[in-house]
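Structure, as structure tokens:
Naming: A, B, ... by sequence-line order, numbering from 1 per chain. These figures come from a predicted structure and were not determined experimentally.
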There are 2 protein chains.
Amino acid sequence: MATIGDVARAAGVSRSTVSYALSGNRTISRETRERIDAAIRSLGFTPNAGARALKTSRTMVLALLLRFHADEFAPAMLEYVLPVTDVAREHGYDILLMTEEDGAAALNRVTRSGMVDGVVLLDVTHADPRLAALREAARPGVLIGVPGDAAGLDVFDLDFGEAARMLVDHLHQLGHEDLVLVTPPRHVFERGGAYAWRFRDAAVERAARYGLRVTTHHGESRQPAVTGTLHEILDARPEATAVVVHNDASIAALPAVLHGRGVVVPRDLSVVSLYSKHFGEAFSLPYTAIETSPDTLARLALERLVKRIELAGDAGTPVVRFVDPDLVDRGSTARR
Amino acid sequence: MATIGDVARAAGVSRSTVSYALSGNRTISRETRERIDAAIRSLGFTPNAGARALKTSRTMVLALLLRFHADEFAPAMLEYVLPVTDVAREHGYDILLMTEEDGAAALNRVTRSGMVDGVVLLDVTHADPRLAALREAARPGVLIGVPGDAAGLDVFDLDFGEAARMLVDHLHQLGHEDLVLVTPPRHVFERGGAYAWRFRDAAVERAARYGLRVTTHHGESRQPAVTGTLHEILDARPEATAVVVHNDASIAALPAVLHGRGVVVPRDLSVVSLYSKHFGEAFSLPYTAIETSPDTLARLALERLVKRIELAGDAGTPVVRFVDPDLVDRGSTARR
DNA sequence: CTGAAAGCGCTTACAG
DNA sequence: CTGAAAGCGCTTACAG
């Protein structure tokens, strides 16, 4: 592969002149620049990334750390991976995708070896084992998902509490007094997925304020348990007039389950949920829902991270930012 | 961050000795090795990736090139991304995820800058614009998906022709004589997604051999077109006794569509399809199907690529490998 | 069993 | 407006 020396020779200039032409950090005469550009094109020269990183301590690569659990319902994951990658490219960064079980070790490895300029942590949990590694790391990071202790870290997430309140308000205004709430699976709570209890607690609290009855159940993440559990949940509280579903696998299975029971929405039952736009489209979900935008979250987080990298410490105090929920009414609720 | 010099100083040895201790390319006395190990641990030393790459011309990073189309049905994509990443790690490689629109440019950039040791091309089309770049590149690559001209390239894919024949045989043995085939959307054919016509052509040919009637239609990739088109397809050929679905979005929507029409499977209609194991689980699909294994494909492709990298040209002649389809009978077909 | 030195391909002060 | 030189952090032949 062509080196800067090859370009310099072909253009009849020094290597430093080629470097300055590349960076634009020096005024270069028009003829010289043209000879250099021609040489670069004809040689197909692209600066060696390793050499550049060695010299500048910048790689223009960001690590994206995923936690991928075998028991997880996967389709929603790509919703974050794609926008993170796209926004990174907009800023000139590539994405190193890390899916290792031991996220803290992966973070240490990639950060200590200087492979990346920063890291994005997805699916952050309450006591996330990656955070200690991140705090010690010589590279900045940004979280999507809220940890128990966010001290010193930039955090972005949907406002799940507000989302729950909006949905409960919506049902309350329609006169519903007996709700069923399907939460994420038990293992999400146990693992410390704070979004799960932020949503649940806010929903329960809001319902209590209005004097509504709420029956709470864990959904499942894999079939056939998803469908079976939904039936049990519906059987357990036949008086309920509305169901709030905060679980991708359950909401995806709900149309078939309700169809099988002869339940017509919203005539017999009102349904509200929370899911991402693309997810809803992929599964053709017809429900009134908080429609999340992983794209927005990814963009906010990435831009914050890029700022931290480029301002090297002068990016100000850490930010915890909750994105406003957006309710889309699809007519799956009716007045009681 | 700690450098090899810091480790050498702390251990009281030369930098080269530390390097040899790291690589194991030299016998080191036990005491020396212990001092070095202690220094590495206490300093949290990890060799600088850029420096190492500069010296060795190896980065231990692989590029994974995705084509992500806005009109595509996304859930299946992650099925490849995750196993590719996992298998890469098993072999000591990290994955650089590239989703740029201009795949050839991305390939050139990453390959000429020496950022990666090899590339994995996903979703390869008949006249894939990335192939010219790959053939010129100074790095090996491997394809998942079959191009029109595979000369000089390692190619892996499911045997879609055989998959189609197996499904048609299955229906023929049950006495079906009037089939409907739902193919991938029109734009997949136009884009050159060879798997689409390899499946369709084989199905049509096999049916003709048995004297079966086949009516072929394009499925859609996004709602609400998916559902609407499925209804049209079923309306257009009420005499058909079986349907073969080769389209993720359509098969995911089919249960609801059939339910809505009061069609009971397999009593009124036999259904067979082709989809990946995880996809089928996510959508709770109850159909007899060729169950693809992106994991297997990813592993075969990755191991081939790693071999090419590590044997540097001595990996033998290029391979085109079609993986055998695997039919899982879920009882969605009945005798006619 | 260990060390001193060269060199990978860049960038950037220093000098003119 | 341009060039010669140092140095980033490694690995590995060369030498002992």
Side-chain angles (χ1 to χ4, degrees), chain A residues 1-37 39-40 43-61 92 109-117 138-139 312, chain B residues 1-37 39-40 43-61 109-117 138-139:
Chain A
M1 286 177 310
T3 72
I4 200 170
D6 299 329
V7 174
R9 202 171 314 116
V13 297
S14 73
R15 301 189 305 150
S16 57
T17 300
V18 176
S19 179
Y20 284 114
L22 245 27
S23 66
N25 287 340
R26 196 188 240 185
T27 37
I28 310 273
S29 74
R30 207 175 51 77
E31 314 94 282
T32 303
R33 175 176 296 278
E34 280 168 4
R35 287 208 314 280
I36 291 174
D37 286 349
I40 287 174
L43 291 168
F45 170 70
T46 304
N48 180 279
R52 187 172 259 187
L54 182 55
K55 186 63 199 174
T56 64
S57 300
R58 290 280 302 277
T59 62
M60 302 310 286
V61 176
R109 178 169 64 82
V110 88
T111 235
R112 289 179 179 167
S113 65
M115 289 181 82
V116 303
D117 296 336
R139 296 283 179 275
Chain B
M1 285 176 310
T3 72
I4 199 170
D6 299 329
V7 175
R9 202 170 316 115
V13 297
S14 73
R15 300 188 305 150
S16 58
T17 300
V18 176
S19 180
Y20 283 115
L22 246 26
S23 67
N25 287 340
R26 198 188 238 184
T27 37
I28 311 273
S29 73
R30 207 174 51 77
E31 315 95 281
T32 303
R33 175 175 295 279
E34 279 167 5
R35 286 208 314 282
I36 291 174
D37 286 348
I40 287 175
L43 291 167
F45 169 70
T46 304
N48 180 279
R52 187 172 261 187
L54 182 56
K55 186 65 199 171
T56 63
S57 300
R58 290 280 302 277
T59 62
M60 302 310 285
V61 176
R109 178 168 66 80
V110 87
T111 234
R112 290 179 180 167
S113 65
M115 288 181 81
V116 302
D117 297 336
R139 296 283 179 272

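Shown for residues 4-14 of chain B: residues whose heavy atoms fall under 4.0 angstrom of DNA chain D, namely B:I4. Listed by residue number, the members of residues 29-37 of chain A with any heavy atom below 4.0 angstrom from DNA chain C form an empty set.
The interatomic distance linking A:R58 (CZ) with D:dG9 (P) rounds to 17 Å, in whole Å. Nucleotide D:dG9 holds its P atom 15 Å from the CZ atom of B:R52, rounded to whole Å. Atoms CG (A:L22) and P (C:dG9) sit 15 Å apart, rounded to a whole Å. As rounded to whole Å, 13 Å separates atom C1' of D:dG7 from atom CG of B:N48. Distance CD1 (A:I40) to P (C:dG9): 16 Å, rounded to an integer number of Å.
Rounding to the nearest 0.5 Å gives a distance of 11.0 Å between CD1 of B:I28 and CZ of B:R35.
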Paired and unpaired positions of DNA chain C as dot-bracket, Watson-Crick or G-U wobble under 3.5 Å, | denoting a partner strand: |||.||||||||.|||
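Among residues two or more places apart in sequence or in another chain, the side chain to side chain contact (heavy atoms under 4.5 Å, CB included) test is passed with B:T46 by A:R112, A:S113. With sequence neighbours excluded, the residues satisfying side-chain hydrogen bond (donor to acceptor under 3.5 Å, both in side chains) with B:R58 are B:Y93, B:D117. Here A:N25 pairs with A:S23 under the side-chain hydrogen bond (donor to acceptor under 3.5 Å, both in side chains) rule; sequence neighbours left out. Residues satisfying the salt bridge (charged side-chain N to carboxylate O under 4.0 Å, His left out) test with B:R109, not counting sequence neighbours, are A:D94, B:E100. With sequence neighbours left out, B:D6 forms a side chain to side chain contact (heavy atoms under 4.5 Å, CB included) with B:A2, B:T3, B:R9, B:L43. Under the side-chain hydrogen bond (donor to acceptor under 3.5 Å, both in side chains) criterion, A:T111 pairs with no residue, sequence neighbours left out. Residues satisfying the side-chain hydrogen bond (donor to acceptor under 3.5 Å, both in side chains) criterion with A:T32, sequence neighbours excluded, are A:S29.
Closest approach of A:A21 to A:R33, counting heavy atoms only: O-NH1, 3.7 Å. Across every non-hydrogen atom of B:T59 and B:G114, the tightest pair is CG2-O, 3.0 Å.
Legend: salt bridge (charged side-chain N to carboxylate O under 4.0 Å, His left out) pairs involving residues 13-24 of chain A, not counting sequence neighbours: none detected.
Taking 4.5 Å as the limit, some side-chain heavy atom of B:R139 sits within range of a side-chain heavy atom of A:M1. Residues B:V110 and B:V61 form no side-chain contact, since every pair of their non-hydrogen atoms from C-beta on lies 4.5 Å or further apart.
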I'd like a table of atom pairs between the protein and nucleotides 12-16 of chain D - only N or O on both sides, under 3.5 Å - with the distance next to each one.
| unit_1 | atom_1 | unit_2 | atom_2 | d |
| --- | --- | --- | --- | --- |
| D:dA13 | N7 | B:Y20 | OH | 3.2 |
| D:dA13 | N6 | B:Y20 | OH | 2.9 |

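Mapping B:T27 and B:L54 onto DNA chain C by nearest heavy atom places B:T27 closer to the 5' end of the strand.
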